[in-house]
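Structure, as structure tokens:
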Number of protein chains: 2
Amino acid sequence: MNEMLEQKNPRSKYRLKRQSLPEALADSLRERILNGEFKEGEPLVQEAIATEYECSRMPVREAFRQLEAAGLIVSKIHKGAVVTTLPSEQIMELFELRAMLECDILTYSLSRMTDHHLALSEQILELLEDAYHKRDIARVGALNWEFHRSLYVAADRIQTLALIQGINVQTDRYIRLQLLLTSAFEEAEQEHRQILKLCRNRDPSVVEFMRGHIIRAGHNLLDALSTRKVSGTAA
Amino acid sequence: MNEMLEQKNPRSKYRLKRQSLPEALADSLRERILNGEFKEGEPLVQEAIATEYECSRMPVREAFRQLEAAGLIVSKIHKGAVVTTLPSEQIMELFELRAMLECDILTYSLSRMTDHHLALSEQILELLEDAYHKRDIARVGALNWEFHRSLYVAADRIQTLALIQGINVQTDRYIRLQLLLTSAFEEAEQEHRQILKLCRNRDPSVVEFMRGHIIRAGHNLLDALSTRKVSGTAA
DNA sequence: CTTATGTAGATTGGATCCAATCGCAAGATG
DNA sequence: CATCTTGCGATTGGATCCAATCTACATAAG
């Protein structure tokens, strides 16, 4: 039980401590992987994590199972867990999947959005812009997903949303990396405003705009990654 | 170590016992859930499973984590795990997701398929037809997915395939249920032949045909499910 | 008779202990 | 000198034990 473990679900006011230790651990470790604190290919040692969080290895092991299912780590028998490393084609594939799935769900959502939904999206967008200007990378990553998600809840497509969320967790890691490397998020910021505006008008063209938004993000990321890679090998 | 636990990966000949107990358990339990042996809403008790497989509760717990990540069970803290139960809208949503994702990957795959790929698909299809005529439900379920999968491997879209596999695991349960309830698989069998034929000709129309194939399967299932429900409540 | 409370049994969550396996280095052997 | 073997430390896998929590039933109060 460590002070690093904050309980989640801040939205439901009177719901505290309804998380088991493995879940809380998984949340914390996921955050640290997405932050880049645990780098690609880095091995995660059960004992080290356990002592760090002042608990036994058992909850750590269960947390590892969850992270493995989310695709953030891979663990081989008797050899431990390492942070996943994706080749660039697969990273792009993830963005293409997001584009396909998010466009689909947005189509459902668009006709069902209420003013309440839009107001909430706007609120999140303002928080996102604020976080970006303060260069709070972790918060930008989280709020970026929250904004996208807020546009989709009206669709009431639970399975689709769950799938998209899973992919977003994976791309989040690279989005944060991109924030450190480039200034490409400037244009993404403007695109977010445009997306919200189109949604307000229930303009169906927002779907294709969203597709471009996501695919562009993927391409920008790959560019940033490839330039980093050559500079990395040079150094 | 119980005789119920068979090691998987039969395709790679000299690869035995490279599975940890939790994984083997997860495989076995997943199979039993898909078979309908554990019904929807039924609680899974750690101790009972553990004694059944003659092991301690710990590997069971880790297996539960995997099954939960796959969406087959949900577990609440200090209240244990129960088999998931999906409302019909979400079941249909799963089929629609399959339709979208499988059509997408098939488009990639179609232009890259070699004769070798097609021969393999044909082999699997024959096994599938054989299993169906022998009314080996579990085998039909597994081979149905194997056939679909065999059409997609050429696409070399790892993330997409993983996503589709996850959804197929969930729909598999209902497909097997449908096999018990209806004879709708007869037409599916013919459609499989047609799909393979269109793939041989590299006919792009196979993509839309596949979409219809999957969506039809979903509708047939929902029909079967709704009639079962009314007869169930009547009895 | 209904509702609140409390206690016992069952079940899950977490910690500690022991066994199995892996990696690596030192030494033997050709 | 290269290669194989062997043994030890480190790490993971699994079992058992104890603590925390839930469910159900019984009992008492209104």
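Chain A is the first sequence line, chain B the second, and so forth, proteins listed ahead of strands; every chain is numbered from 1. Note that the structure is predicted; figures quoted are calculated from it, not measured.
Rounded to a whole Å, the CE atom of A:M58 is 14 Å from the P atom of D:dT12. Here the P atom of nucleotide C:dT11 and the CZ atom of B:R61 are 15 Å apart, to the nearest Å. Taking atom NZ of B:K76 as the reference point, atom P of C:dT11 lies 18 Å away to the nearest angstrom. Whole-Å rounding puts the B:Q19 CD to D:dG14 P distance at 11 Å. Rounded to an integer number of Å, the gap from A:E23 CD to C:dG13 C1' is 12 Å. Atom-to-atom, NE2 of A:H78 to P of D:dT12 comes out at 11 Å; the value is rounded to the nearest Å. Taking atom CZ on A:F64 and atom P on D:dT12, their separation rounds to 7 Å, with Å as the unit. Rounded to whole Å, the distance from CD on A:E47 to P on C:dA15 is 12 Å.
How far CG of B:L125 is from CD of B:Q123: 11.0 Å, rounded to the nearest 0.5 Å.
For the pair B:R176 and B:Y174, the cation-pi test (distance below 6.0 Å, angle within 45°) is failed.
Partner of A:Q159 under the side chain to side chain donor-acceptor pair (under 3.5 Å) criterion, out of B:Q90, B:E96, B:E93: B:Q90 alone.
Under 4.0 angstrom from either OP1 or OP2 of C:dG13 there lies at least one side-chain N or O belonging to B:Q46. Between A:K79 and the phosphate of C:dG23, there is a side-chain N or O to OP1/OP2 separation shorter than 4.0 Å.
Two residues, A:S56 and B:V45, neighbour DNA chain C, and the one matched to the more 5' nucleotide by heavy-atom proximity is B:V45.
Counted by atom type alone, A:Y152 and A:T160 present zero donor-acceptor pairs between their side chains at under 3.5 Å.
Counting distance only, with no hydrogens placed and no angle test, the side-chain atoms of B:R57 and the base atoms of D:dG14 include no donor-acceptor pair under 3.5 Å.
Residue B:L21 has its side chain nearest to D:dG14 when only D:dC22, C:dG14, D:dG14 are considered.
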